[in-house]
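Notes follow once the structure below has been shown.
In the text below, chain A, chain B and the rest are named by the order of the sequence lines, each starting its count at 1.
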2 protein chains.
Amino acid sequence: MGISKTEIFTDQQNEIAVFAKAFGHPARVAILQHLFKIDTCVCGDLVNEIGLAQPTISQHLKELKNLGLIQGSVEGTRVCYCINPENWTKMKQILSNFLNQDVSIKNDCC
Amino acid sequence: MGISKTEIFTDQQNEIAVFAKAFGHPARVAILQHLFKIDTCVCGDLVNEIGLAQPTISQHLKELKNLGLIQGSVEGTRVCYCINPENWTKMKQILSNFLNQDVSIKNDCC
DNA sequence: TTACTTCATTGCAATATTACGATGAATGAC
DNA sequence: GTCATTCATCGTAATATTGCAATGAAGTAA
């Protein structure tokens, strides 16, 4: 049906999935990498940096903003974006907990 | 168009996106968590454990298997799945590199 | 053999995502 | 005021994803 049955999963599982989905597109990965590389707010040049049309970039930025991973502020005609450090750290911990659960895989299986 | 323009991004960016997408659905998160919890191969009871229909689970398992994150072996009428430790570690390093790039965010922005 | 179990595959419907042209809103320059 | 710039939003088309019923394939049990 194209709709995920989120109600049968735990809040934690849904939260992991929502954050992971944010990185599930290379454009959003590229946007975040660029914001980290510049290490301050980026004003306007994201469309040139990434190779997609302006409405498409705007849409990806909106998704990242809705998740709280980035924040933007208006500077005249431009809008400046940067990482939201608190929320990035929060997200990182949630995903790291999931990724680091590989305690002890028995090799007497499969 | 529903199709991602992967050709304009680096291999690394596409790789991050592909792995992240694997966790972008709570059912796949739940499957992986269960495999880790059981800590050995799981034979058959995934449909009862997760609350989705059998073809749906089979489809999610196929995606995880195609990415190499899990592996399966036939045991009679049953099929047993477990985490692929090598590929899980590989994936974890790729995603961790991305998540851990928060070196120094200047707070004189935004 | 038949019946049963387990899982994969097919086919389909509903929803989501991606991308962009066109347009609008807000600001700055003049 | 006009004009240009920048970014958001709307509308739409194409593709992807999710979910399940029906069916198929392969094994076990009798």
What is the distance, to the nearest angstrom, from the [atom1] atom on [X] to the [atom2] atom on [N]?
{"X": "B:Asn66", "N": "C:dT9", "atom1": "CG", "atom2": "C1'", "value": "14 Å"}
{"X": "B:Ile3", "N": "D:dA14", "atom1": "CD1", "atom2": "P", "value": "13 Å"}
{"X": "B:Gln59", "N": "C:dA13", "atom1": "CD", "atom2": "C1'", "value": "13 Å"}
{"X": "A:Arg78", "N": "D:dA8", "atom1": "CZ", "atom2": "P", "value": "13 Å"}
{"X": "B:Leu61", "N": "D:dT17", "atom1": "CG", "atom2": "C1'", "value": "16 Å"}
{"X": "B:Ile50", "N": "C:dC7", "atom1": "CD1", "atom2": "P", "value": "13 Å"}
{"X": "A:Lys5", "N": "D:dC20", "atom1": "NZ", "atom2": "C1'", "value": "9 Å"}
{"X": "B:Glu75", "N": "D:dA26", "atom1": "CD", "atom2": "P", "value": "18 Å"}

How is [X] classified with respect to the nucleic acid when contacts are heavy atoms under 4.0 Å: base, sugar-phosphate, or nothing?
{"X": "B:Thr56", "value": "base"}
{"X": "B:Ser58", "value": "base"}
{"X": "A:Ile57", "value": "nothing"}

- Query: Any side-chain N or O of A:Tyr81 under 4.0 Å from OP1/OP2 of D:dA8?
  - Reply: yes
- Task: Would you tell me if any nitrogen or oxygen in the side chain of B:His60 comes within less than 4.0 Å of OP1 or OP2 on D:dG19?
- Result: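 Checking D:dG19 against B:His60, a side-chain N or O does come within under 4.0 Å of OP1 or OP2.
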- So which one's nearest nucleotide on DNA chain C is more toward 5', A:Gly76 or B:Phe9? B:Phe9
- Message: Ring-plane angle category for B:His25 and B:His60, please: parallel below 30°, perpendicular beyond 60°, tilted otherwise.
- Response: tilted
- Item | Plane angle bin for A:Phe98 and B:Phe23 - parallel if under 30°, tilted between 30 and 60°, otherwise perpendicular |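 Geometry flag for A:Phe98 against B:Phe23: perpendicular rings.
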- Message: Taking the six-membered ring for Trp, are A:Phe36 and A:Trp88 closer than 6.0 Å centroid to centroid?
- Response: yes
- Would you say the base of D:dA8 and the side-chain of A:Gln54 have a donor-acceptor pair closer than 3.5 Å?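 In this structure, the two groups form a donor-acceptor pair.
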- Item | Of B:Gly24 and B:Pro55, the one whose closest DNA chain D nucleotide lies more 5' | B:Gly24
- Note on the structure: On DNA chain D, more 5' by nearest nucleotide between A:Lys21 and A:Thr77 is A:Thr77
- Task: Sequence neighbours left out, what passes side-chain hydrogen bond (donor to acceptor under 3.5 Å, both in side chains) with B:Gln93? Give chain and number order.
- Result: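 Not a single residue meets the side-chain hydrogen bond (donor to acceptor under 3.5 Å, both in side chains) criterion with B:Gln93.
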- What's the closest nucleotide to the B:Lys62 side chain, out of C:dA8, C:dC20, C:dT9?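 Comparing C:dA8, C:dC20, C:dT9 against the side chain of B:Lys62, the answer is C:dT9.
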- Query: From D:dC7, C:dC7, C:dA19, pick the nucleotide closest to the side chain of B:Val79?
  - Reply: C:dC7
- Message: Would you say CG of A:Asn66 has more than 12 non-hydrogen atoms from neighbouring residues, nucleotides or ligands within 6.0 angstrom?
- Response: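 More than 12 within 6.0 Å, yes.
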